[in-house]
Amino acid sequence: MPIATTNPATGQVLKSYDPMSEEQIDAAIGRADLAYRQLRGTTIAQRGRWLTAAAELLEADRDETARLMTTEMGKTYAAAKAEVTKCAAACRFYAAKAAEFLADEPADAGAVKAIRAFVRYQPIGPVLAVMPWNFPLWQVMRFAAPALMAGNTGLLKHASNVPQTALLLEDLFRRAGFPEGAFTTLLVGSAEVDRVLSDPRVRAATLTGSEGAGRSIAQIAGRELKKTVLELGGSDPFVVMPSADLDRAAEVATTARCQNNGQSCIAAKRFIVHADVFDAFAERFAANMSALRVGDPMDPDTDVGPLASEGGRDEIHAQVRDAVDKGATVLCGGEPHAGPGWFYPPTVVTDLRPEMRMWSEEVFGPVAGLYRVSSYDEAIEVANGTAFGLGSNAWTRDPAEQERFATDLDAGNVFVNGMTTSYPELPFGGVRNSGYGRELSALGMREFCNIKTVWVGEGAASAGAGAHAE
Ligand code: NAP
């Protein structure tokens with residue numbers, strides 16, 4: 001894939017970049033390694049001041065940064081501005097909380113025959129971040145803010161269609177005061193990931209992206225014995241039970257499916273509705289989806305902009321056609337817009353069956369699958385019936401049912417009477433083919449820490465009588 005900015009609203013290539021040479025990649029890794037040695041000698045308070053400066057810069061440049069993101073990948077300008085604000089908030093969150101998250105944790109010294117025993121969280125070195133284009137600032141920030149605060153350095157291989165946002169991020173951390181090399185953008189294609197991750201100076205990798213990319217990086221990391229965090233795709237269920245507030249559920253369902261032009265890993269993609277309220281929900285949902293305005297993402301009246309790439313638009317249409325050819329019914333949408341740009345209308349497809357691609361695959365655009373079920377158990381069976389396990393949503397006013405959904409949905413998170421969202425305060429990640437490891441909260445910060453056990457005694461053998469000496 002060329003490293004270039006192509007405006008998805010027009011199809012025009014605006015700016016192209018030559019990929020970095022082998023020598024340039026090697027030099028960048030060297031700078032990241034050097035910066036790591038510098039950074040681990042700084043205090044949390046100092047790193048916090050730099051990260052707070054990054055938040056201030058983000059806020060000051062919000063509109064310009066948002067315009068760039070909209071131009072590179074087509075999200076609405078309003079959504080892009082909100083993304084910048086969220087990134088600034090995450091920087092402030094980690095600047096404020098790092099001392100607490102990285103504090104030594106005392107252990108029961110008596111139980112391990114020590115005078116003192118504790119866990120210390122320390123940085124591990126340069127971390128490679130392979131990131132997607134869909135939230136081009138946020139996906140990077142939720143790795144970078146905790147990683148830099150912990151004293152690690154970052155090497156960013158961003159998606160090839162958002163090079164200007166990638167360079168803006170490098171510039172942001174430099175301007176905020178972090179040492180040269182603390183955060184570096186590598187303008188490289190995915191074929192170079194093996195070289196970078198194999199370099200002994202690079203200690204770990206985090207990837208947000210597709211299942212295929214996850215498998216590839218996990219293989220390289222397995223060979224090189226390096227830690228990875230993988231945030232992969234999802235086909236999140238949105239279950240609606242008879243006691244739900246149907247108006248509210250249909251409204252939130254529309255946002256949950258079409259936010260970010262339908263291109264979110266945690267977008268609700270499969271709407272699983274109890275037969276008692278199926279017709280009433282379907283009518284409301286299809287009406288809401290049809291009412292969304294598709295168009296120029298810079299226009300404040302637009303709800304849904306273009307898909308980020310022509311290939312992405314063609315792929316979701318192929319998934320819809322496959323379902324229709326095998327007997328599914330389209331309640332609204334279903335045909336790409338004519339003319340320039342990669343627009344696709346909000347679409348609802350029902351009468352889905354397991355042999356259709358939409359049943360088991362992720363649909364990365366504003367297309368909803370609508371399923372009728374006749375019981376709680378059938379709802380759970382359909383909801384858990386894909387290989388994914390990222391987010392999940394359940395709508396019910398019955399407290400007992402809320403508890404059951406919290407336990408029974410096989411996913412990294414369950415949102416009851418709401419839609420899946422990420423917050424710096426809460427851990428984020430998936431199970432099964434949606435990946436492993438967690439981002440955000442204290443857990444996300446500690447993923448790339450050496451969780452070091454420290455035991456201090458009086459000079460006797462450390463293992464107690466009868467304990468294994470290992
Ligand atoms: P993608 O093709 O996997 O691309 C993501 C990143 O991985 C890009 O930087 C890409 O580089 C790189 N890449 C692709 N193939 C690779 C390989 N074989 N080895 C190493 N790197 C590789 O994903 P996408 O289609 O652009 O993004 C959408 C996917 O990301 C969806 O499945 C979505 O659900 C998932 N996602 C997950 C989360 C989460 O938090 N779980 C969040 C957002 C998105 P190039 O651009 O150069 O190809």
Side-chain angles (χ1 to χ4, degrees), residues 1-6 8 17 19-20 72-75 83 128-143 155-163 165-166 169 185-198 205-221 228-236 259-269 307-316 319 361-365 386-392 411-413 420-422 426-440 444 447:
M1 201 194 276
I3 301 173
T5 299
T6 305
Y17 294 82
M20 287 167 77
E72 289 207 296
M73 51 67 64
K75 71 172 61 213
E83 186 172 335
L128 170 65
V130 181
M131 290 290 151
W133 43 265
N134 61 340
F135 293 91
L137 209 66
W138 171 241
Q139 301 289 1
V140 178
M141 195 55 76
R142 69 189 195 182
F143 151 73
L155 288 159
L156 171 65
K157 182 266 173 279
H158 216 327
S160 294
N161 57 335
V162 290
T165 307
L169 278 154
T185 288
L186 302 173
L187 287 179
V188 296
S190 57
E192 295 303 322
V193 165
D194 195 334
R195 177 196 309 283
V196 178
L197 189 49
S198 304
T206 180
L207 164 96
T208 300
S210 60
E211 248 182 287
R215 285 181 202 284
S216 166
I217 286 196
Q219 272 174 14
I220 300 164
T228 48
V229 167
L230 300 181
E231 297 285 1
L232 308 179
S235 188
D236 290 4
Q259 59 164 337
N260 212 39
N261 309 342
Q263 303 160 119
S264 167
C265 54
I266 46 167
K269 290 165 188 148
L307 277 292
S309 69
E310 187 171 19
R313 194 268 315 267
D314 293 349
E315 178 69 2
I316 61 167
Q319 288 168 306
E361 294 179 8
E362 177 178 33
V363 183
F364 217 56
T386 71
F388 298 110
L390 191 55
S392 61
N413 67 64
T420 299
T421 311
S422 58
L426 293 175
F428 183 95
V431 294
R432 307 168 77 206
N433 289 9
S434 293
Y436 50 73
R438 289 293 178 267
E439 292 191 293
L440 302 175
E447 287 282 4

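Any value given below was found using the heavy atoms of this structure, including those in side chains, with hydrogens, waters and symmetry copies removed. Numbering of ligands and ligand atoms starts at 1, following listing order.
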J.: Does Phe135 come within less than 4.0 Å of ligand 1, judged by its heavy atoms?
T.: no
J.: Of the side chain and backbone of Val193, name the one, both, or neither that has a heavy atom under 4.0 Å from an atom of ligand 1.
T.: side chain
J.: So is there a nitrogen or oxygen of Arg142 less than 3.5 Å from a nitrogen or oxygen in ligand 1?
T.: yes
J.: Does Arg432 reach the main-chain N or O of Phe388 with its side chain, forming a donor-acceptor pair under 3.5 Å?
T.: yes
J.: Around atom 35 (C) of ligand 1, find the nearest protein heavy atom and jot down its residue, atom name and distance.
T.: Gly209 O, 3.3 Å
J.: I'd like to check whether Asn134 has a polar contact with ligand 1, where a contact means an N/O of the residue lying under 3.5 Å from an N/O of the ligand.
T.: no
J.: Whether the side chain of Gln259 engages the backbone of Ser264 through a donor-acceptor N/O pair (distance < 3.5 Å, no angle test) should be reported.
T.: no
J.: Looking only at distances, please establish whether an N/O atom of ligand 1 is found under 3.5 Å from an N/O atom of Met131.
T.: yes
J.: Flag Gln139 as yes when one of its N or O atoms lies below 3.5 Å from any N or O atom of ligand 1, and as no otherwise.
T.: no
J.: Looking only at protein heavy atoms, identify the closest one to atom 13 (N) of ligand 1 and say how far it is in Å.
T.: Ser190 CB, 3.7 Å
J.: Has the side chain of Glu72 got a donor or acceptor atom that lies under 3.5 Å from a matching backbone atom of Thr5?
T.: no
J.: Can you tell me if Leu207 contacts ligand 1 (heavy atom of the residue under 4.0 Å from the ligand)?
T.: yes
J.: Flag the pair Cys265 / Glu231 as yes when at least one side-chain heavy-atom distance between them is below 4.5 Å, and no otherwise.
T.: no
J.: Check for a donor-acceptor pair, side chain of Arg313 on one end and backbone N or O of Ala308 on the other, with a separation under 3.5 Å.
T.: no
J.: Does any N or O of ligand 1 fall below 3.5 Å from an N or O anywhere on Val130, backbone included?
T.: no
J.: Under 4.0 Å from any heavy atom of Lys157, which atoms of ligand 1 are there?
T.: 9 (O), 11 (O), 45 (P), 47 (O)
J.: Which atoms of ligand 1 have any heavy atom of Phe364 under 4.0 Å away?
T.: 28 (C), 31 (C), 33 (C), 34 (O)
J.: Side chains of Asn433 and Leu232, heavy atoms from C-beta outward: is any pair under 4.5 Å?
T.: no
J.: Below 3.5 angstrom, do we get any N/O pair linking Lys269 and ligand 1?
T.: no
J.: So, do Asn161 and Ser309 sit near enough that their side-chain heavy atoms are less than 4.5 Å apart?
T.: no
J.: Are any non-hydrogen side-chain atoms of Asn134 and Asn260 less than 4.5 angstrom apart?
T.: yes
J.: Looking only at protein heavy atoms, which one is nearest to atom 34 (O) of ligand 1, and what is the separation?
T.: Glu362 OE2, 2.6 Å
J.: Checking a contact table here: which protein heavy atom is nearest atom 41 (N) of ligand 1, and how many Å away?
T.: Leu232 O, 2.7 Å
J.: Show me which atoms of ligand 1 lie under 4.0 Å from any heavy atom of Trp133.
T.: 24 (P), 26 (O), 27 (O)
J.: Taking it one step at a time, do Phe135 and Met141 satisfy side chain to side chain contact (heavy atoms under 4.5 Å, CB included)?
T.: CA-CA 10 Å; Phe135 293 91; Met141 195 55 76; over 6 Å; no
J.: Could you check if a side-chain atom of Pro19 sits within less than 4.5 angstrom of a side-chain atom of Val188, using non-hydrogen atoms only?
T.: no
J.: Distance under 4.0 Å to a non-hydrogen atom of Ser216: what atoms of ligand 1 satisfy this?
T.: 17 (C), 18 (N), 19 (N)
J.: Counting distance only, does the side-chain N/O of His158 pair as donor-acceptor with the main-chain N or O of Pro136 below 3.5 Å?
T.: yes
J.: Name the closest protein heavy atom to atom 15 (N) of ligand 1, giving the residue it belongs to and the distance to 0.1 Å.
T.: Ala213 CB, 3.6 Å
J.: Can you find an N/O atom of Asn161 closer than 3.5 Å to an N/O atom of ligand 1?
T.: no
J.: Is it the case that the side chains of Tyr436 and Thr228 hold a donor-acceptor pair, with the cut-off being a distance below 3.5 Å and no angle test?
T.: yes
J.: Indicate whether atom 4 (O) of ligand 1 is within a distance of less than 4.0 angstrom of some protein heavy atom.
T.: no
J.: For ligand 1, which atoms have a heavy atom of His158 less than 4.0 angstrom away?
T.: 9 (O)
J.: For Ser434, is at least one N or O under 3.5 Å away from an N or O on ligand 1?
T.: no
J.: For residues Thr165 and Leu137, determine if any side-chain heavy atom of one lies less than 4.5 Å from a side-chain heavy atom of the other.
T.: yes
J.: Any heavy-atom pair between the side chains of Met131 and Val162 that's under 4.5 Å?
T.: no
J.: Judged by atom type as modelled, is there a donor-acceptor pair below 3.5 Å linking the side chain of Glu362 to the main-chain atoms of Gly234?
T.: yes
J.: Tell me the contacting part of Ile3 for ligand 1: side chain, backbone, both, or neither, using a 4.0 Å heavy-atom threshold, strictly below.
T.: neither
J.: Can you tell me the protein heavy atom closest to atom 38 (C) of ligand 1 and the distance?
T.: Cys265 SG, 2.9 Å
J.: So do Glu83 and Lys75 actually touch side chain to side chain, heavy atoms under 4.5 Å?
T.: yes
J.: Just which atoms of ligand 1 are under 4.0 Å from any heavy atom in Leu390?
T.: 41 (N)
J.: Looking only at protein heavy atoms, which one is nearest to atom 23 (O) of ligand 1, and how far off is it?
T.: Ser210 N, 3.5 Å
J.: Considering heavy atoms of the protein only, find what lies nearest to atom 47 (O) of ligand 1 and give residue, atom and distance to 0.1 Å.
T.: Ser160 OG, 2.6 Å
